[in-house]
Amino acid sequence: MTTKTRAAICPGEGKEFHIADVELDELRDDELLIRIVATGICHTDMAVRDQQLPTPLPAVLGHEGAGIVEKVGSAVSAAKAGDRVIISFNSCGECPSCDVDAPTYCYNFGPNNFSGRRPDGSATITCDGEDIGGNFFGQSSFATHAIAHERNVVKVPDSAADLPLERLAPLGCGLMTGAGAVLRSMEVREGLPIAVFGVGTVGLAAIMAAKIAGADPIIAVDMHDSRLELAKELGATHTIKAGDDAMDKLEELVPQGLAYAFDTTGVKKVIEGVFPLIAPMGVLGLVGASPPEDMLNLNESALMGGGKRVIGILGGDSDVGSFICELIAYHQDGKFPFDRLIQYFDFDDINAGIEASESGEVVKPVLRISAE
Ligand code: CXF
Ligand code: ZN
């Protein structure tokens, strides 16, 4: 049976979203039908709208959904009808990366998340009888209902039954990316210095995680004063306003060099600028989206000498389920107060939420789609 749904459609490059009636395909054996309660808005949705990422438009985007399972296919064991779930990115489960529980580096990441179809090419969403883009991050959750998959739903633990799904929704992308970069990819050690460049959702999650790891000092660099203030409240010991003298100020603060630098900006000048400040055995983690033609210029002997590492990071090396539950537990302990980043918008106001994110006014807009 197909399911009638209200969805926000991104109609074409650079265009505003509009809400329309669409139809979801019948469930496959490994799929779940979820009633969406809330979905976070992430810059990746905007990157698709602007066609910097290849998902064909028109499409239903949204990839930070949380909701309640309505129906499951016969091969699903991750959750059952009535369960509260967070939805994250999808992966194939069969490639060398999935084999070692590193699904963010799935060899089939594109077909499972960005193609707008299932990996076999079938559409999950139609509008007026025509196929449109769906299955975005294995969910397309800017909608009242979404089809998710065995591998990208995380059942909210019973111990978190008191936490509203609308708060948990953004854990499946930016928050796990920033926190995972610090706790998993870079394995930040207690007492060592870290600098985080860009303190939006990913950078602020990294700051909170750096505090959990006991890094010291924790230095936030950004161009918005309001975000630097929030970074300080969430764990930054020092803040530096982005600008020409930022690297000099950093050097003054950490004359021995940075054990860790985490770049969320994707700006070549920032990445190349901080590289000389990396300490022996230091790690420069890169997560920012940069223009596809950009090439980095790094001095080879400086990289080799001292065993420095420059690493690309996707999704904070999250293994989805257990890391998201770990983050929920930190939140319950008061160590990961990510709710400070969220501002809620009604589903119908999706374009206002997007605008608030792009202007920098709101760090993490979350759409309220249906009552829990
Ligand atoms: C993603 C990238 C790949 C892993 C999960 C998160 N970013 C989305 O915005
Ligand atoms: Zn995202």
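Order of listing sets the numbers, starting from 1, for every ligand and every atom in it. Side-chain atoms are counted along with the backbone in the values below, which use heavy atoms only and exclude waters and symmetry mates.
Between Arg6 and Asp348 there is a salt bridge, since a side-chain N of the basic residue sits under 4.0 Å from a carboxylate O of the acidic one. Between Asp30 and Arg151 there is no salt bridge, since no side-chain N of the basic residue sits under 4.0 Å from a carboxylate O of the acidic one. Between Asp349 and Arg368 there is no salt bridge, since no side-chain N of the basic residue sits under 4.0 Å from a carboxylate O of the acidic one. The residues Lys241 and Asp225 are annotated as salt-bridged, a charged nitrogen and a carboxylate oxygen being separated by less than 4.0 angstrom. A salt bridge between Arg117 and Asp120 is absent, with no side-chain N of the basic residue lying under 4.0 Å from a carboxylate O of the acidic one.
Set against the non-hydrogen atoms of His63, the atoms of ligand 1 under 4.0 Å away are 8 (C), 9 (O). Below 4.0 Å from some heavy atom of Gly315 lie the following atoms of ligand 1, by number and element: 4 (C), 5 (C). Residue contact check: Cys42 has heavy atoms under 4.0 Å from atoms 9 (O) of ligand 1. Atoms of ligand 1 found under 4.0 Å from any heavy atom of Cys173, numbered from 1 in the order shown, are 6 (C), 7 (N), 8 (C), 9 (O). Of all atoms in ligand 1, listed by their number and element, those nearer than 4.0 Å to a heavy atom of Phe137 are 1 (C), 8 (C).
The aromatic rings of Phe338 and His331 are tilted relative to each other, their planes meeting at an angle between 30° and 60°. The aromatic rings of Phe137 and Phe114 sit perpendicular to each other, their planes meeting at more than 60°, with 30° as the lower class boundary.
Considering only non-hydrogen protein atoms, atom 5 (C) of ligand 1 sits nearest to Phe89 CD2, 3.6 Å. Among protein heavy atoms, the minimum distance from atom 3 (C) of ligand 1 is reached at Phe109 CZ, 3.4 Å. Given atom 2 (C) of ligand 1, the protein heavy atom at minimum distance is Leu314 CD2, 3.6 Å. For atom 9 (O) of ligand 1, the closest non-hydrogen atom of the protein is Thr44 OG1, 2.4 Å.
Heavy-atom distances between His43 and ligand 1 stay at or above 4.0 Å for every pair.
Aromatic ring centres of Phe136 and Phe142: separated by at least 6.0 Å.
For residue His63, an N/O/S atom approaches the Zn ion (ligand 2) to within less than 2.8 Å.
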